[in-house]
Amino acid sequence: QVQLVESGGGLVQAGGSLRLSCTASGRTFNFYKIGWFRQASGQEREFVAAMSWSGSTTYYADSVKDRFIISRNNAKNTVYLQMNSLKPEDTAVYYCAEGNGMVVGSSEADFGSWGQGTQVTVSS
């Protein structure tokens, strides 16, 4: 069983940047797709970005496209979410997740292992 731990969250002003990290332990996740999701207070969790196991395929929610970049370093068993031009509406708890399969999509059902989340707060 893999354990995923997110880090890098915090408080940032609108227009600023943050980079989230998610490190896996317990086994390698080199052959698993990875995703980032977020949940704002009082709202349902929503998809942010996903990447195939090889890194060749990425998929972003429209709300973050051209602002966020997902990447992975399989040698370090770590995935990243670079968040630029942050907006107050990006405020949420951000979760990384790992899943099987070749299809890179936005469904939570495709991801079986989840981290505990890291808080991102964007002030206006």
Side-chain angles (χ1 to χ4, degrees):
Q1 182 76 15
V2 68
Q3 292 81 44
L4 304 176
V5 178
E6 302 94 337
S7 61
L11 174 64
V12 64
Q13 288 188 331
S17 298
L18 278 176
R19 188 177 79 158
L20 305 183
S21 300
C22 173
T23 299
S25 62
R27 59 158 170 75
T28 181
F29 71 5
N30 290 4
F31 300 105
Y32 294 82
K33 63 186 176 186
I34 51 93
W36 286 95
F37 293 77
R38 67 186 182 187
Q39 186 169 22
S41 180
Q43 298 185 23
E44 293 188 353
R45 190 158 56 187
E46 66 175 5
F47 169 76
V48 175
M51 174 175 273
S52 61
W53 70 269
S54 67
S56 61
T57 302
T58 57
Y59 182 49
Y60 294 92
D62 287 343
S63 59
V64 306
K65 201 174 296 182
D66 299 326
R67 297 190 299 123
F68 290 11
I69 302 171
I70 187 172
S71 62
R72 66 192 298 164
N73 185 329
N74 285 343
K76 294 185 177 181
N77 240 18
T78 300
V79 301
Y80 305 97
L81 186 67
Q82 177 67 43
M83 305 185 297
N84 302 317
S85 302
L86 282 161
K87 305 174 182 179
E89 51 264 44
D90 294 319
T91 295
V93 177
Y94 283 72
Y95 299 89
C96 69
E98 175 204 83
N100 289 305
M102 300 297 292
V103 176
V104 179
S106 61
S107 173
E108 290 191 31
D110 289 341
F111 296 89
S113 298
W114 294 78
Q116 84 292 345
T118 186
Q119 176 71 47
V120 172
T121 303
V122 184
S123 63
S124 57

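- Gln13 contributes no side-chain N or O that, together with a main-chain N or O of Ser123, makes up a donor-acceptor pair within less than 3.5 Å.
- The side-chain hydrogen bond (donor to acceptor under 3.5 Å, both in side chains) analysis of residues 92-102, with sequence neighbours excluded, yields the pairs Arg27-Glu98, Arg38-Tyr94.
- Here the closest heavy-atom approach between residue Leu18 and residue Val12 is recorded as CD1-CG1, 4.0 Å.
- Of all the heavy atoms in Leu4 and Ala24, the pair that sits closest is CD2-CB, 3.7 Å.
- Contact detail for Gln82 and Ser17: the closest heavy-atom pair is NE2-CB, 3.9 Å.
- Minimum interatomic distance between Gly9 and Val120 (heavy atoms only, all atoms of both residues): CA-CG2, 4.1 Å.
- In this structure, Val79 and Met51 have side chains that are not in contact, with every pair of non-hydrogen atoms separated by 4.5 Å or more.
- To the nearest 0.5 Å, atom CD of residue Gln119 and atom OG1 of residue Thr91 are 7.0 Å apart.
- No path of Ile, Leu, Val, Met, Phe, Trp and Tyr side chains, each step under 4.5 Å between heavy atoms, connects Tyr59 with Phe68, placing them in separate hydrophobic clusters.
- Two residues are said to be in side-chain contact when any heavy atoms from C-beta on lie closer than 4.5 Å; Thr78 and Tyr80 meet this criterion.
- Counting heavy atoms from C-beta on, the side chains of Met83 and Leu20 come closer than 4.5 Å.
- In this structure, Gln1 and Ser113 approach most closely via the heavy-atom pair NE2-OG, 3.9 Å.
- The minimum heavy-atom distance between Ala92 and Ala40, with the atom names listed, is CB-N, 3.7 Å.
- Between the side chain of Arg72 and the main chain of Ser52, a donor-acceptor pair closer than 3.5 Å is present.
- Pairs passing the ring pair (Phe, Tyr, Trp, His ring centres under 6.0 Å) check and including a residue from residues 13-41, sequence neighbours excluded, read Phe31-Trp53, Phe37-Phe47, Phe37-Phe111, Phe37-Trp114.
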Quiz item: Given the rule in the side-chain contact (heavy atoms from CB on, under 4.5 Å) test, do Thr23 and Gln3 qualify, once you have shown the distances and angles that lead to the verdict?
Solution: CA-CA 8 Å; Thr23 299; Gln3 292 81 44; over 6 Å; no

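- Screening residues 49-67 for salt bridge (Lys or Arg N to Asp or Glu O under 4.0 Å), with sequence neighbours left out, gives Asp62-Lys65, Arg67-Asp90.
- Side-chain atoms of Ile34 and Ile70, non-hydrogen and from C-beta on, do get closer than 4.5 Å to each other.
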